[in-house]
Peer 1: 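Let me give you the structure first, and then I'll get to my questions.
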Amino acid sequence: MPELPEVETIANGVHARVQGQRIASVWTSGKPQTFKSPEAEISDALTGAMIESVRRVGKTIVMTLTRAGSKTDRSRIEFLIHLGMTGRLLVSSPDVPQPPHTHAILTLADHREIRFVDPRRFGRLSIHHSAAPQRTTENVERSTPHYTGPGREPLTISLGDFVALFRGRKTPIKAALLNQSLLHGVGNIYADEALFRAGIRPRRQAGRTTRAELARLRTALQTVLKRAIKLGGSSVSDYVDADGMRGYFQIEHKVYGRGREPCTNCGTPIRKIVVGGRGTHFCPTCQK
DNA sequence: CGTCCCACCTGATTGC
DNA sequence: TGCAATCAGGTGGGAC
């Protein structure tokens, strides 16, 4: 379910609700695949910690925690929440019934609960460790642990860096867009929507696109992602927080989920194919 | 290493 | 109507 705009919406929503709260206790379900770090480690790291912030990196929600007593950077820990396909992160009052497939509950000092719910269990919870200060060539010393994700941020990458990502790749451009170690955060919906808006067919070899096409693609991708964030993401099923917040970007989908319907631009039926094992939608007339 | 394909899960929808 | 097949917004690992 969640790609960059949905994860950003959720992270912002949770941040606004729980920033500054202390985690009083932690419960975990014991379903092994959900926990990328051992449950005991997660539980130990979170219990008693204060939630400093909740933000998005790629498709991952990063909860930064501090320990009472020591205020140095070294005491910061990051709790990573990846929602997979069906994960949800809810902030609920304790009297709201627990949904099925709840795999973790962080009970806050004010008794509200942060609940991780995930029917398909493709989501993952982990603690991010980072070595003490790291040095990089372009940066000075960094004393805060910082999860940076597997790839580059689509919203801030420069044109030059964007073009370089695809150079020499034989894989279809759509598969490259979905590769999280290149750009992180782009998923199936926004890959299709960006390629449509850029006029590029999903099966085009990534390395055979022109600089001008990639410039269009970067702009299209950023436009679509920003617009979706503004609308709270796409809700094909619903997601988000305890208030049942939904996104509305799906209203503006031009190709995703519109197989056989007419293209909004030229009327040609939208075609649905499989690229890289994923359902892929495009207009055979508007995309070259 | 780059690329392809499947397994990992449950639930909703499609199709016979 | 009923039941089986198919599909779903994601990733990680193994094969080549």
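Every heavy atom of this structure was used, including side-chain atoms; hydrogens, water molecules and symmetry mates were not.
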Peer 1: Under 3.5 Å between N/O atoms: give me all the protein pairs with nucleotides 11-16 of chain B, atom names plus distance.
Peer 2:
unit_1 : atom_1 : unit_2   : atom_2 : d
B:dG11 : OP1    : A:His101 : NE2    : 2.8

Peer 1: If you round to the nearest 0.5 Å, how far is CE of A:Met63 from CD1 of A:Ile114?
Peer 2: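 If we round to the nearest 0.5 Å, A:Ile114:CD1 and A:Met63:CE are 4.0 Å apart.
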Peer 1: Going through the checks in order, is the salt bridge (Lys or Arg N to Asp or Glu O under 4.0 Å) test met by A:Glu213 and A:Arg208?
Peer 2: CA-CA 10 Å; A:Glu213 286 173 327; A:Arg208 288 195 181 167; over 6 Å; no
Peer 1: Sticking with atom P, work out how far B:dG11 lies from C:dT1, rounded to a whole angstrom.
Peer 2: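 Nearest-Å result for B:dG11 against C:dT1 at atom P: 23 Å.
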Peer 1: For the pair A:Ser43 (side chain) and A:Glu39 (backbone), establish whether a donor and an acceptor sit closer than 3.5 Å, ignoring hydrogens and angles.
Peer 2: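 Side chain of A:Ser43 to backbone of A:Glu39, a donor-acceptor pair under 3.5 Å: no, none is there.
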Peer 1: Could you tell me whether the phosphate oxygens of B:dC8, OP1 or OP2, come under 4.0 Å of any side-chain nitrogen or oxygen in A:Arg121?
Peer 2: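 Negative; the distance criterion is not met.
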Peer 1: Not counting sequence neighbours, which residues clear ring pair (Phe, Tyr, Trp, His ring centres under 6.0 Å) with A:Tyr190? List them please.
Peer 2: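 In terms of ring pair (Phe, Tyr, Trp, His ring centres under 6.0 Å), with neighbours along the sequence ignored, A:Tyr190 is linked to A:Phe249.
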Peer 1: Is there a continuous path of hydrophobic side-chain contacts, each under 4.5 Å between heavy atoms, that joins A:Ile270 to A:Ile273?
Peer 2: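 A:Ile270 does not cluster with A:Ile273.
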Peer 1: Dot-bracket for DNA chain C, 5' to 3', with Watson-Crick and G-U pairs under 3.5 Å, [ ] for crossing pairs and | for other-strand pairs: what is it?
Peer 2: .|||||||.|||||||
Peer 1: Taking the side chain of A:Gln33 as its heavy atoms from C-beta onward, which of C:dG10, C:dA8, B:dC8 lies nearest to it?
Peer 2: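 Ranking C:dG10, C:dA8, B:dC8 by closest atom to the A:Gln33 side chain puts B:dC8 first.
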Peer 1: With a cut-off of less than 4.0 Å, is there a side-chain N or O of A:Lys31 near OP1 or OP2 of B:dT10?
Peer 2: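 It does not, given that no N or O in the side chain of A:Lys31 lies less than 4.0 Å from OP1 or OP2 of B:dT10.
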Peer 1: Above 12 or not: heavy atoms from other molecules or residues under 6.0 Å from CZ of A:Arg271?
Peer 2: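 Atom CZ in A:Arg271 is not crowded, with 12 or fewer foreign heavy atoms closer than 6.0 Å.
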Peer 1: Sticking with atom P, work out how far C:dG14 lies from B:dC9, rounded to a whole angstrom.
Peer 2: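 Taking atom P in both C:dG14 and B:dC9, they lie 16 Å apart.
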Peer 1: Are A:Val224 and A:Leu221 connected in the hydrophobic side-chain network, where two residues link if heavy atoms are under 4.5 Å apart?
Peer 2: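 Result: yes, single cluster for both.
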Peer 1: Give me, pair by pair, the N or O atoms of the protein and of nucleotides 4-6 of chain B that are less than 3.5 Å apart, along with how far apart they are.
Peer 2:
unit_1 : atom_1 : unit_2   : atom_2 : d
B:dC4  : OP2    : A:Thr171 : OG1    : 3.2

Peer 1: Nucleotides 11-16 of chain C: which of its N/O atoms have a protein N/O under 3.5 Å away?
Peer 2:
unit_1 : atom_1 : unit_2  : atom_2 : d
C:dT11 : OP1    : A:His82 : NE2    : 2.7
C:dT11 : OP2    : A:Lys59 : NZ     : 2.6

Peer 1: With sequence neighbours excluded, what pairs up with A:Thr102 under the side chain to side chain donor-acceptor pair (under 3.5 Å) test?
Peer 2: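 Applying side chain to side chain donor-acceptor pair (under 3.5 Å) to A:Thr102 gives none.
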Peer 1: Using the rule that two of Ile, Leu, Val, Met, Phe, Trp, Tyr join whenever any of their side-chain heavy atoms come within less than 4.5 Å, decide whether A:Val7 and A:Phe79 are in one cluster.
Peer 2: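 Both belong to a single hydrophobic cluster.
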